[in-house]
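Bear in mind the structure is a predicted one, so any value in this text is a computation, not a measurement. Chain letters run A, B, ... following the sequence lines, proteins first and then strands; every chain starts at 1.
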Amino acid sequence: MPELPEVETVREGLERLVLGRAVLDVSVRREYSIRRQPGGADALESALLGRTLSAAARRGKFLWLPIADEAGQDTPDSALLIHLGMSGQLRVTEIDEVAREPGDHVRVRLTLGVAAVVGERPEDLDPALILDFVDQRTFGHLSVARLIPTADGLAGGRGTTDPLIPEPVAHIARDLLDPDLDLPALIQRIQRRRTGVKRALLDQRLVSGIGNIYADEALWRAELHYAAATDRLTTARLEGLLTAAQDVMTEALHAGGTSFDALYVNVNGSSGYFSRSLAVYGQHGLPCPRCGTPIVREPFANRSSHFCPVCQRIR
DNA sequence: AAGGCCACCTGCTTGC
DNA sequence: TGCAAGCAGGTGGCCT
């Protein structure tokens, strides 16, 4: 499901709904979903219980919630790290509405305390919440990770000003919506690669957040073939491609953001509103919106590439 | 040692 | 109808 726009939509939902809340209970229903957690469920639980979720940050497709001892304490040194994989979702529900057992695909359930604001009267307190990590295919995962300094000393990602990043995310490059992204440097790094341009777009160590959908959409907008050699692309061409990727993800983010209600943190990429705006992804056999030629799907790196055989030629 | 392949897991769709 | 193969939005690790 989730590429950058979907994960950012989830981050915004978390920022709105769970900040300042304490973790009251941790229930791991599928060990595999916390396979990256050293020490397993016990370690996850003891790292989270009683701690406060103090921010909602994102770089590329990785999300993290820094955890503090108490609301407002010093800069946290660890965070709850979440990757949604192919099919992950987060759902927030008021505890009173959860009368029945979690559904089959709920892999981890957190119970979060009331948002404690000093001076607030009890009747004004928000109710406790359930935060469910739902994941059909279980490629997603969740763990508590140490926060370490960023390589460039700048903010770790969207949603935080701290120059810190979870250790397992340190190798992930800044994404195209990150204000601290160095675009000229990225273009040079791409030109120094000897590979096909789509492989470069999908390499999260080079630029993060782009997945198969937005890679195909950006290549179509920039009129580039997925296998075009990176070391033969001009700076102008690459600027056009990266701008197209920025545009398509920004548009998807705006479309995704509209389909939200207050207590449902959703991930809805292809089934959501934006799927109607896709030019090539999943559109094989349908006419290219630019020239009318039927869109083609070809095997690529154990998945598929969708493109217009006329607009996107190798030269 | 950069580049590329594949396993990891579940469930739905397609085709014989 | 039944069963197998194909397909799905990601990525870490391992091979060359």
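Taking a pair as Watson-Crick or G-U wobble with both distances under 3.5 Å, the runs of three or more consecutive pairs in DNA chain B are B:2-8 with C:10-16, B:10-16 with C:2-8.
Counting heavy-atom neighbours within 6.0 Å of A:Arg35 CZ, excluding the residue itself, gives a total above 12.
Rounded to whole Å, the P atom of B:dC6 lies 14 Å from the corresponding atom of C:dG6.
Within the nucleic acid shown, A:Arg35 has no heavy atom closer than 4.0 Å to any nucleic acid atom. As judged by a 4.0 angstrom heavy-atom cut-off over every strand, A:Asn302 is placed among the base-contacting residues. Among the heavy atoms of the strands lying under 4.0 Å from A:Arg36 are primed sugar atoms or P, OP1, OP2 only; no base atom is included. The residue A:Phe62 sits close only to the backbone: its heavy atoms come under 4.0 Å of sugar-phosphate atoms, none of a base. At a threshold of 4.0 angstrom between heavy atoms, the contacts of A:Arg192 with the nucleic acid are absent.
For the pair A:Ile210 CD1 and C:dT11 C1', the interatomic distance rounds to 15 Å; values are reported in whole Å. Rounded to a whole Å, the CG atom of A:Leu84 is 11 Å from the P atom of C:dG10. Taking atom NE2 on A:His284 and atom P on C:dC7, their separation rounds to 9 Å, with Å as the unit.
Qualifying side chain to side chain donor-acceptor pair (under 3.5 Å) partners for A:Glu239, counting only residues two or more places apart in sequence or in other chains: none. A:Arg193 is linked by a side chain to side chain donor-acceptor pair (under 3.5 Å) to A:Asp203, counting only residues two or more places apart in sequence or in another chain.
Using cut-offs of 30° and 60° for the angle between ring planes, the A:His141 and A:His83 rings count as parallel.
Counting 5' to 3', DNA chain B first comes under 4.0 angstrom of a heavy atom of chain A and last does so at the ends given by B:dG3 to B:dG11.
Cation-pi geometry between A:Arg11 and A:Trp64 is not met: the NZ or CZ atom fails to fall both under 6.0 Å from the ring centre and inside 45° of the normal.
Residues from residues 134-151 of chain A placing a heavy atom under 4.0 Å of any atom in DNA chain B, listed by number, are A:Gln136, A:Arg137, A:Thr138, A:Phe139.
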Please output the side-chain donor-acceptor pairs of residues 163-176 of chain A that fall under 3.5 Å, not counting sequence neighbours, one pair per line with the distance.
unit_1   : atom_1 : unit_2   : atom_2 : d
A:Glu167 : OE2    : A:Arg146 : NH2    : 2.9
A:His171 : ND1    : A:Pro168 : O      : 3.3
A:Arg174 : NE     : A:Asp152 : OD2    : 3.0
A:Arg174 : NH1    : A:Ala155 : O      : 2.9
A:Arg174 : NH1    : A:Asp178 : OD2    : 2.7
A:Arg174 : NH2    : A:Asp152 : OD1    : 3.0
A:Arg174 : NH2    : A:Asp152 : OD2    : 3.2
A:Arg174 : NH2    : A:Ala155 : O      : 2.8
A:Asp175 : OD1    : A:Leu177 : N      : 2.9
A:Asp175 : OD1    : A:Asp178 : N      : 3.2
A:Asp175 : OD2    : A:Arg58  : NH1    : 3.1
A:Asp175 : OD2    : A:Gly60  : N      : 2.9

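For A:His83, no side-chain nitrogen or oxygen approaches OP1 or OP2 of C:dG10 to under 4.0 Å.
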